[in-house]
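Everything numeric in this text was worked out from a predicted model, so none of it was measured. To find a chain, count down the sequence lines: A is the first, B the second, and so on, and within it residues start at 1.
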Amino acid sequence: MIAPNMTEGLGHLTPEDDIFCDEDVLRDDYDPDRILERDEKLNEYLNMFREVVRGKRPRNIFVYGPTGVGKTVGTRLVLDRLQEDVSDIQNISVTTVHLECKDLNTSYQVAANLVNKLRNRTGRQSISTTGHPEGSIYDMLFEELRNIPQTHVIIALDEIDNIGTSDNVLYKLGRCNNRNSAEYVDPDETKVGLVGVTNDGTFRDRLDSRVQSTLCDHEIHFPPYDATELRTILADRAVDAFHDDVCTEDVIPLVGAFAAQRSGYARTALDLLYTAGNLATNEDAEQVTEEHVRRAEDKIQQGAIVTEVNQLSTQGKIVTLTLVRLHEEGELPSKLDKIYAWYETNANKIDTDVVTPRTINNILNDLMLNGVVTTKEVNHGVKGGRFYKYDLGANRDLLLEGLEGNSRIAEADHRDRLKTNRSCVD
DNA sequence: CTTCCACAGGAAAAGCCGGGGT
DNA sequence: ACCCCGGCTTTTCCTGTGGAAG
C-alpha cells in the first residue's frame, strides 16, 4: 500500500459512482444469451433447419455479416432451439458442435478439433492435434460421425475464413452424405449439416467452386444494425448500466445515430455510450448529456486516427512524418512533387527503401481515406495543369502520437533532430 | 470551341514473400 | 534443401481530366 505521506495530492478510489450502476453491462459480451432486434433474422435462420424436424437431411448454411451483429450468439440460440424442438419428436435426435476456428488455420486442425469435440461428448480420450497423416484425420472424423448415436449432427464452424484456402474439410463435410463421396457417411446412420459463419464478405468468393456449390446454397446475411435497432439495444442495456435518470433523453438516440453512421455494430454503440458515461463520471457530472456524447465521439475518432497511423506500413509512416514536417515548415498544402522530394530525403535518412512517386500517390490516397490528409483539386489550365494539393487532415500531435512506437522512424527522426539542434548551437 | 498543361489514377507487368509440396 | 505457386505490393506505361488561354 502507498505510504500515507505520499498521498497528499492524490485522490482516492471509491466504489461509489453517481453515474454508473454496473458498467460491465456495456461490454459487448455481457449477457450473451440474449439478442435484440434480430427476431426476424433468427427465425429465418431457424427455418433453415426445418428439414431436420421432419427427419430429412439438413441443409448446409452459410452465415455472413460483420462482427458484432449477432452471428455467433444467434447461431448458438438457433442450435439450442433446434435441439429443444426436436427433443419431443420420436426417432429424431440432434447433436450440435460449435467450433471456434479462430486459431485453427488449416483444414487439418479443424478436422482434428472436430474429432476431439465429438470424442469428448462421449467421454473418450482425445487425439493429438498434430502428428497424424492428413488422410487418417479425415478417416477418424468420418468414423466419429458415423458412430454418433443421434440421427442428425449439425456442425457449426465459426470464423471459418481463418482456414483460408485450405478448404478441404469444408468440401468433405459438406458432401459426406452423398453416396459417391470418398468419405461416405450413410444418412441412415447420421445426417450431417454444416454451418459456416464468417465476417469476411469476400471469403465466399475465395472458396473453391465445388465448396461454394455445397456450402453456399443457403445463406443468411446479418446486416449491420440501423440507428433504431441500436437505440433499442442501448436502451435495454442502459437501464442496468446506469443509475436511474442519469442519461438525459437525447443521449441514447444520439449514440445510436453516431454508431449507426460509423459502423452499425452493437459494440461501437456500447463503446460510445460507455465513453460518454466515463466522461461524465470523471467530471463529477450529475447526468450524461448530449454534450458528453459528442465529446466521446470526438475522443473515439481521435483515438481512431492514432491507431490508423500506428497501423500504417513503414512507407505510410514515413509519408505521414514527411507531411508533419512540411506542415511545421508552413509548406502545406503542397503538391506531390514537393512532398516526394521531402519524402526522398526522409527515407534516405531512415535508410529504408525509396519507392516511386506513383506509390507515394497511392499512399496519399490511403491516407486520405483514413483522414490523415485532405486534398484539394487545383486547376491552372494551360499554365500549370490539373493536380491536387495535399494538407494535413488531422491534428499534428495525434499523428505524431500514432507514429510513436515505431522505433526505426522515431529513432532516426530523433537522431536527425539532435544533429540539427547541435548544428544550430554551433 | 479547341488546345494544352501536368498530374491523377487505371492496367498490366515485374518483383517479392510466405507456405506447401517434393 | 529446394522449388513452385498464389497473393500481395511496387513499378512501368499510358490514357484521362477539366479549366484557362487563345
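Distance OH (A/Tyr340) to C1' (C/dT10): 12 Å, rounded to an integer number of Å. Rounding to whole angstrom units, CG of residue A/Leu364 and P of B/dG9 are separated by 10 Å. Spacing between atom CG of A/Asn362 and atom C1' of B/dG10 amounts to 10 Å, rounded to whole angstrom units. The distance from atom CD1 of A/Ile363 to atom C1' of C/dT11 is 13 Å, rounded to the nearest whole Å. Summarising the geometry, the separation between CG on A/Asp366 and C1' on B/dA8 is reported as 15 Å, rounded to the nearest angstrom. One atom, CD of A/Gln315, and another, C1' of B/dC16, lie 14 Å apart when rounded to the nearest Å. Distance CG (A/Asp353) to C1' (C/dT9): 12 Å, rounded to an integer number of Å. Put simply, CG on A/Asn361 is 15 Å from C1' on B/dA11, counting in whole angstrom units.
Both tests pass for A/Arg38 against the ring of A/Tyr225: distance under 6.0 Å to the centre and angle within 45° of the axis.
At the phosphate of B/dG9, OP1 or OP2 sits under 4.0 Å from a side-chain N or O atom of A/Tyr388. Considering only side-chain N and O atoms, A/Asn365 lies nowhere under 4.0 angstrom from the phosphate OP1 or OP2 of B/dA8.
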Produce a footprint string for nucleotides 12-22 of chain C: one letter per nucleotide, 5' end first; B if the base is under 4.0 Å from any protein heavy atom, S if only the sugar-phosphate is, - if neither. B---BBBBSS-

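A/Arg146 and A/Thr190 are not linked by any side-chain donor-acceptor pair at a separation below 3.5 angstrom, with hydrogens and angles left out of the test. Remark: the A/Tyr340 side chain and the A/Thr322 side chain contain no N/O donor-acceptor pair separated by less than 3.5 Å.
A/Asp391 places none of its side-chain heavy atoms less than 4.5 Å from the side chain of A/Lys376.
Ring pair A/Tyr64/A/Phe222: centre-to-centre distance not below 6.0 Å. The ring of A/Phe20 has its center closer than 6.0 angstrom to the ring center of A/Tyr274.
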